[in-house]
Every structure is written in C-alpha cells, then in structure tokens.
Amino acid sequence: MSSPYTLTLPDGSQKTVPAGTTPLEVARSIGQRLADDAVVARVNGALWDLTRPLEGDATLEILTSKNPEALEVYRHSTAHLLAAAVLELYPETKLAIGPPIKDGFYYDFDRPVPFTPEDLEKIEARMREIRDRDLAYERRLVNKDEGLRMYAHEAMKCELIEERADAVFTEYTLGPQFADFCRGPHVPSTKRIKAFKLLSIAGAYWRGDEKRQQLQRIYGTAWFSQKDQDDYLHKLEEAKKRDHRVVGKALDLISIQELAGPGLIFFHPKGALVRKLLEDWMREQYLKRGYDLVNTPHVMREQLWDRSGHLSHYADNMYAAMELDDARYRLKPMNCPGHILIYADRQRSYRDLPVRLGELGTVYRYERSGTLHGLFRVRGFTQDDAHIFCRPDQIEDEIVNCLEFAVDVLKTYGFHRYKAEISVWDGGASGKYDGTPDQWDLAQNALHRAVERVGLEATVMADEAAFYGPKIDVKLLDALDRPWQLSTVQFDFTLPRRFNLEYVGEDGGKHQPLMVHRALYGSVERFFGILLEHYAGAFPLWLAPVQAMVLPIADRHTDYARQVQAKLAAAGLRADIDARSEKVNYKIREAQLQKIPFMLVVGDREAADGKVAVRTRKGGDLGARPVDEVVAEIAAAALARSSDE
RNA sequence: GCCGGCGUAGCUCAGUAGGUAGAGCAUCUCACUUGUAAUGAGAGGGUCGUCCGUUCAAUUCGGAUCGCCGGCUCCA
C-alpha cells in the first residue's frame with residue numbers, strides 16, 4: 001500500500017514517487033516553472049486535480065496554460081467562483097449548472113428576483129474578493145444517500161445527483177460555505193484565476209427544456225492572462241463593428257421595416273444590386289452544371305401541403321391558411337413540393353435521369369419572434385434550392401457534383417476554411433426515422449464516398465439526420481474565425497413515396513427515384529449577411545455596388561471626370577462621380593467609408609494628360625496613370641471575380 | 001414563444017427629481033474652388049415607438065402593445 005508508484009511521463013521516461021504523491025508535487029520535482037504553470041493533470045488519460053494524490057502506477061501528464069483542456073478546467077473553476085460569489089451575495093439563490101463554453105463559461109441560477117446589470121458588477125467585485133482569499137478547490141467524496149440529504153435544499157442539484165451520481169460522488173468546495181456537486185477537476189485554488197469578466201445575463205431553461213422553469217444565466221469570459229482577455233474583448237468589438245445589421249445600414253444596403261413586419265428584408269438599390277450579382281452567378285452555375293431552372297408559385301392549395309406532410313410536420317412554422325373562393329391556400333415554406341409536381345407532371349424514363357430542378361425560391365416561414373436576427377434568421381427568404389431526382393447508380397456522382405459545387409461557392413466568395421458534417425441515423429433503433437435500412441445504407445455510403453472523392457474533411461454526426469434522410473452540411477469559418485453553416489445536401493426518402501414519384505426503368509417496370517434536396521448559399525439573405533460580415537462591408541471588386549468613384553478636385557474638372565466615368569461605364573464597370581463642391585479630402589473620406597474599391601482623382605494635371613490619379617481603398621494613393629490603362633485594368637480585375645479585392 | 005434590457009431628430013447619443021427637449025454628424029442654403037480620410041457660416045428637422053391610465057400637467061410615473069438587442073428553445 002505504501003510501496004512507491006511508478007509514473008510514466010509524456011516523454012516516455014519513468015519516475016518513482018512515494019505513495020500518495022500529488023501531480024503538483026511531481027511537477028515541482030521536475031521544475032518550479034512547470035509547477036507554477038500547471039493547471040491540471042492527466043492521469044491514465046483522465047483529467048485529475050493537481051492536488052489529488054495519485055492512487056497507483058500511472059501515466060502522468062502535467063497540463064499547462066498552453067493546453068486547451070486546461071483552459072476549460074480553468075473556466076469551469078471560474079464558473080464555481082461565480083457561483084460562490086452569487087451565493088454569498090444572494091444566499092436564497094439555487095444552483096443549476098455552470099460549465100465552461102467556447103471563450104468562457106456560464107452558470108445558471110434560480111432566483112425569484114432577476115439579476116440586473118448592476119448586480120453583475122457587484123458579483124464580479126465579489127468574485128475578485130473571493131479570488132484574493134485564495135480558497136482551495138477541495139475535492140470531497142460523498143456518499144450518494146448522504147449527499148441527497150446535504151443537497152436537500154438544492155432541488156436541481158438533487159435531480160442531477162439522482163440521475164448522474166454513482167454510490168459515491170464528488171463535490172468541490174470553495175471555502176467553508178460553498179459546495180457544488182461536480183465531477184471536476186479544478187485548479188488548485190482561486191488565486192490561480194487571473195483574468196475574467198462577467199458579460200451578460202440571459203434566460204435559460206432548466207435542462208434546455210422550454211417546458212421547465214426558466215433560470216437566469218450569467219455569462220462570463222475567462223483567460224489565463226489579461227492580455228488574452230483583452231485580445232478576446234477586442235475581437236468582440238471588431239465583430240460588433242462588422243455586424244451585418246450595422247454595416248448593412250451604414251452602406252444603405254438593406255433595412256427591416258417595422259410597418260411591414262419583423263423578419264422581412266428590404267433590399268435597397270445597392271443591396272439589391274449585390275444580391276442580383278449573387279443570384280446571377282448562381283443561375284449561371286446552375287445552367288453550366290446541368291440544372292434546369294424552374295419557377296413555382298408562392299401560394300398553393302393546402303391539399304398539396306397535406307400530401308407532402310408539411311401540414312402534419314411543419315404547420316407550426318407555416319403562415320396561416322388564406323381562404324379563397326374554392327379552397328384554402330398556404331404560403332410556401334419550402335420549394336420541394338413545387339419541384340416534385342414538375343417532376344411528376346410527365347412520365348420519366350431512366351434515360352431522363354438525373355433530373356435537376358433548381359429555383360431561387362422565396363419561402364415564408366413563421367419563426368418565433370424571439371429567434372429573428374437581422375438577415376440571419378428571417379421570416380421570408382430565398383433559397384437557392386434544387387432537387388435532384390436520380391437512379392441509385394447515379395447518386396454518388398450527384399453528391400460529388402453537389403459538393404464540388406458547394407466548394408466552388410466557398411472559393412468564389414473568399415472562404416478558404418471549411419469542413420463537412422455528415423449526419424446519419426441511429427441505425428433504426430428509435431423508429432423515428434423514415435425510409436428502409438437499404439435506403440439509409442445506400443444514401444449514407446454515397447455521402448461517405450463522395451466526401452472522400454472530393455477530399456473534404458468531414459465529421460460524422462450520429463443520430464443527427466433529418467427524419468426523412470441523411471444529410472451533409474458544409475460549415476465555413478469567416479474572416480473572424482466564426483463558424484457558419486452554409487450548404488446542405490439532404491436525402492429525402494419520404495417525399496418520393498408520398499407523391500408516388502416514378503420513372504420507367506430499363507426493365508420496363510416502374511421505380512421510385514432517389515431525391516436529394518440541396519441548397520448552397522442556403523438562404524440568399526443569410527448568405528448576403530455572412531458576406532457582409534466576412535468582408536466587413538468591403539465587397540470584392542466584382543461584387544461592389546459602386547466599383548469606382550471619380551473625384552474631380554474642383555468644379556472645373558467635372559467635365560473631364562464625366563468622360564472618365566463614361567469610359568468606366570463603357571467597360572462595364574459601375575462608376576459614380578462625386579461632383580460636389582467639397583474638398584478632395586472630404587470626398588475621399590466618404591468614398592473610403594462607403595468601401596468603394598477604386599477612387600479616381602482628377603484635377604488639372606490629369607485632365608491635361610488624359611490620366612487619373614488612382615487610389616484604392618486598401619492601398620491608398622497609387623499615383624497618376626493613363627485613363628484607358630486604368631479602366632482596362634479594373635475591368636479585367638472585375639471580370640476575374642477575385643475574392644480578395 | 002420564454003427571461004432580461006432597450007426604444008428621444010435620417011444616424012450616434014445627451015437630458016427632464018412630472019412643467020411639451022439638446023449636441024455632433026447627416027440634410028438644405030450661402031461663401032470657399034479645393035490634390036489623397038471631415039472648409040466655414042446659417043437654416044430646417046422631433047405629437048421623446050404606439051395606446052390606455054394616474055395627474056392641473058406625462059417624453060419623464062403605472063399598465064398594455066409593437067419593435068429592437070442579449071440569451072434560451074428552434075433553425076436556411
């Protein structure tokens with residue numbers, strides 16, 4: 001029992017230590033710096049408190065602030081600090097859970113009186129006070145029955161203990177008052193916690209279930225150093241500045257009108273122009289890639305939605321029926337039934353397949369008011385929606401084509417980091433999925449093989465498929481490393497059956513085609529918003545609503561400026577002229593704020609020599625050059641659709 | 001939908017312990033004719049989101065409602 005332990009360290013070396021040694025002591029024996037920098041240990045693969053004695057031979061790794069898992073532990077400990085501060089200030093508060101999350105942590109509380117922003121300051125101050133007391137995070141073993149009695153006043157904790165705890169569970173204390181049912185591990189003591197800040201208060205449902213009580217969640221951020229935290233807060237500020245709602249307003253691209261209703265987007269002239277470019281590009285691609293463009297009505301009889309199953313599965317998200325003289329009509333929430341009707345309008349031969357029907361289809365969905373968000377979550381939006389009907393032997397190629405198309409979209413718009421998620425079923429165990437095991441196998445295999453063929457990095461999400469079929473989603477990281485979901489390719493085993501879709505096979509018999517939904521921008525509105533944030537409003541040349549602004553220095557240069565503008569227009573460029581009687585500095589500032597790619601300054605010298613002084617929004621003053629040369633160059637750059645400038 | 005916060009000029013925001021409001025920018029007018037990120041002066045502009053209530057009096061207090069923001073839930 002008291003025989004020494006043999007520890008295996010990450011470099012493969014071995015170390016013998018007395019029984020009951022803690023990881024922290026081991027770290028110290030290696031070096032004081034390591035001990036100072038240590039946050040948590042990994043013992044036999046599991047995270048372990050630095051101060052928890054080892055229990056036998058083990059592999060041991062000391063995790064320092066360089067390790068992402070250590071940061072999670074650190075944030076979890078900060079969450080405990082928050083809870084301890086809240087209980088000191090507001091002892092009647094009940095605890096729910098307080099996990100680390102990306103960039104920080106939160107803790108959920110139940111308290112009759114809501115927290116206010118002023119409370120947040122008080123709590124944060126108290127956290128610092130407790131931190132300075134340097135209390136230890138002490139791990140204690142508690143017998144389950146005894147624990148339930150100890151936590152009797154904490155109903156939510158009891159619920160968790162009942163559900164998660166073994167016969168003996170662990171709790172972590174912080175000083176004499178605070179104890180929390182918790183798996184741990186934690187940093188050794190509160191003085192380890194350096195930089196943190198409480199950020200916001202929000203409502204959250206107990207266990208994420210909206211039928212249960214609503215708790216108050218306090219969000220915070222925590223970092224190993226003040227600098228890391230400052231960088232993070234700075235990044236938040238930057239993100240705020242490129243918020244598409246702010247930029248969209250500043251550049252006069254879009255608006256949402258209260259009189260018209262929430263979640264409904266108005267595209268102003270410049271926004272509409274950019275949108276047209278996005279749509280034109282997409283339609284061009286459809287035709288190039290063998291899709292047929294179709295258009296389907298915006299309102300259709302309710303029977304159609306009954307047949308498609310939307311009425312029974314999706315009615316909550318649909319606008320209410322309109323009574324017309326002969327029937328009830330519904331605004332379309334999806335384009336698929338319309339495309340299906342076109343497919344089914346005539347008999348299809350196996351030779352006709354694949355049939356690819358595409359539409360920029362505007363759909364309306366009733367989204368709950370609290371979920372609306374700028375262009376990202378709206379009630380009316382346009383999907384670049386296509387449905388592919390094909391034979392089983394074609395499906396893999398079709399998926400490959402969809403994925404290549406999706407990657408092309410990403411590259412065209414300047415997104416270089418992305419990955420795929422394949423959502424599969426649970427194997428049929430739950431019975432919640434439609435379709436036969438054969439269908440699921442066929443479809444999921446096709447998805448996996450297609451991902452491999454395209455060379456996409458993909459993760460498999462078990463039991464995340466839609467009930468009607470597996471899918472693959474493409475997610476991207478934008479200029480600020482924020483993830484967005486973009487393209488989606490989804491199998492549908494349900495609709496072909498509901499609409500009795502058929503084709504006549506080689507054998508003369510009738511067969512059911514496979515059907516795939518796919519949208520690459522997803523929603524044009526949302527994609528527009530993502531682009532706005534990605535580029536911070538500075539659209540690349542080919543998308544910029546105004547590509548060049550001609551700036552006459554004085555009124556006498558206006559005529560020459562118009563000639564320059566005419567040349568730009570003749571080259572197919574969108575050029576404006578700022579002929580106001582203002583100083584050049586003023587005009588430049590405005591053009592710059594409008595993120596116009598090229599400013600062409602013309603004064604006496606340029607007018608005399610047939611030149612323009614070129615200024616780019618990024619590069620500043622580039623000097624004077626012949627007009628024709630400059631126009632040709634800009635036109636060529638626009639045509640190249642470079643995503644960077 | 002739920003929890004919390006917010007709603008004052010086109011924009012960003014100040015203000016009134018209840019006595020019908022103010023700045024900067026923008027707009028308009030005039031002067032300046034300008035050389036790479038804001039020329040100066042003057043003028044116009046708000047039923048203080050909407051409705052109801054309390055009050056001699058409400059932008060201010062109370063209630064309702066609409067919208068927005070941060071989350072939760074849900075999702076393209």
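Lettering of chains follows the sequences in order, A, B, ..., and the numbering in each one begins at 1.
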Length of the [atom1]-[atom2] vector between [X] and [N], whole Å:
X	N	atom1	atom2	value
A:Trp206	B:rC3	CH2	C1'	17 Å
A:Ile588	B:rG35	CD1	C1'	8 Å
A:Gln594	B:rA37	CD	P	17 Å
A:Glu582	B:rA38	CD	P	12 Å
A:Lys583	B:rU36	NZ	P	11 Å
A:His268	B:rC11	NE2	P	12 Å
A:Tyr364	B:rA76	OH	P	18 Å
A:Leu253	B:rC11	CG	C1'	15 Å

Taking any heavy-atom pair under 4.0 Å as a contact, classify [X]: base, sugar-phosphate, or nothing.
X	answer
A:Asn585	sugar-phosphate
A:Val363	nothing
A:Val601	base
A:Leu215	nothing
A:Gln216	nothing
A:Lys587	nothing
A:Phe109	nothing

Residues 256-267 of chain A, side-chain donor-acceptor partners within the protein, below 3.5 Å, at least two apart:
{"from": "A:Gln257", "atom 1": "NE2", "to": "A:Ser255", "atom 2": "OG", "distance (Å)": "2.8"}

* Structure fact -> Expected list for residues 605-615 of chain A near RNA chain B, using heavy atoms below 4.0 Å, is A:Arg605, A:Glu606, A:Ala613, A:Arg615

* Mark up nucleotides 63-75 of chain B, 5' to 3', with B wherever a protein heavy atom is under 4.0 angstrom from a base atom, S wherever such an atom reaches only the sugar-phosphate, and - elsewhere. => ---BSSSBBBBBB

* Asked: Does the ring of A:Tyr319 carry A:Arg330 above it, NZ/CZ under 6.0 angstrom from centre and within 45° of its axis?
  -> no

Can you tabulate the close N/O pairs, meaning under 3.5 Å, that link protein atoms to atoms of nucleotides 25-27 of chain B?
{"from": "B:rA26", "atom 1": "OP1", "to": "A:Tyr586", "atom 2": "OH", "distance (Å)": "3.2"}

* Could you tell me which nucleotide pairs with B:rC48 by Watson-Crick or G-U wobble geometry, both distances under 3.5 Å, or answer none if nothing does? => none

* salt bridge (Lys or Arg N to Asp or Glu O under 4.0 Å) against A:Asp492, all qualifying residues, sequence neighbours excluded -> none

* **Set of salt bridge (Lys or Arg N to Asp or Glu O under 4.0 Å) partners for A:Asp578, sequence neighbours left out** => A:Arg580

